[in-house]
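What follows is a single structure, written as structure tokens, with notes after it.
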Amino acid sequence: MSGGFAGVRNQLVVHHDGSWTSRSGTKPPRTGQQTPAEVAELRAALEDPAYARVPNRPTGSPIADGFQYFITYRHHLVVAGDGERPQALQRVFAALPEGGPPTSP
């Protein structure tokens with residue numbers, strides 16, 4: 001994820017086993033572990049046929065000082081901007097640890 005007024009670049013990586021690392025600016029990374037049920041929900045959201053139809057690139061006009069989100073799963077990359085979250089993408093974000101990457105520096 002990148003963007004915002006301050007040029008924020010944050011990252012959230014979720015591994016196959018549900019362990020995750022979140023990096024936000026220069027702060028120390030945070031780590032955690034999803035429960036098996038949370039891992040199953042994230043995997044189901046990412047493997048939903050509706051998610052496979054989410055456009056790979058933003059389709060609307062960019063939002064000034066908005067963020068771009070880069071989601072990669074099994075070599076499939078989706079880039080979405082603020083305001084462009086179809087239902088299938090919203091489901092993925094809802095299943096991410098802490099609602100996805102942090103949006104503050």
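We're numbering straight along the sequence, starting at 1. This one's a predicted model, so the numbers in the text were calculated from it and none came from an experiment. Below, each value reflects all heavy atoms present in this structure, side chains not excepted, and no hydrogens, waters or symmetry copies.
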Query raised in the report: Heavy-atom distance under 4.5 Å between the side chains of Tyr69 and Leu89, does that happen here?
Result: no
Query - Nearest non-hydrogen partners of Ala44 and Arg91, listed with the distance - result: CB-NH2, 3.4 Å
Report summary line: Residue pairs meeting salt bridge (charged side-chain N to carboxylate O under 4.0 Å, His left out), one or both in residues 66-81, sequence neighbours left out, come to Glu47-Arg74
Query raised in the report: Just by modelled atom types, is the Ala95 backbone N or O under 3.5 Å from a matching donor or acceptor in the Gln34 side chain?
Result: yes
Report summary line: In terms of heavy-atom contacts, Ser19 and Asp17 come closest through OG-OD1, 2.7 Å
Report summary line: Minimal heavy-atom distance between Gly18 and Gln33, with the atoms involved, is C-NE2, 3.4 Å
Query raised in the report: Ser22 and Leu12: which non-hydrogen atoms are nearest, and at how many Å?
Result: CB-CD1, 4.1 Å
**Report entry** From CD (Glu38) to CH2 (Trp20), nearest 0.5 Å
**Finding:** 10.0 Å
Query - Any residue meeting side-chain contact (heavy atoms from CB on, under 4.5 Å) with Ala94, in chain and number order, not counting sequence neighbours - result: none
Report task. Nearest 0.5 Å please: distance from the CZ atom of Arg53 over to the CG atom of Asp48. Result -> 7.5 Å
Report task. Using the test side-chain contact (heavy atoms from CB on, under 4.5 Å), find all partners of Thr21 that sit at least two apart in sequence or belong to another chain. Result -> Arg23, Pro29, Thr31
Query raised in the report: Are the side chains of Ile71 and Leu96 in touch, meaning some heavy atoms are under 4.5 Å apart?
Result: no
Query raised in the report: Is there a donor-acceptor pair closer than 3.5 Å between any side-chain N or O of Arg43 and the backbone N or O of His16?
Result: yes
Query raised in the report: Going by heavy atoms in the side chains, are Val14 and Leu42 under 4.5 Å from each other?
Result: yes
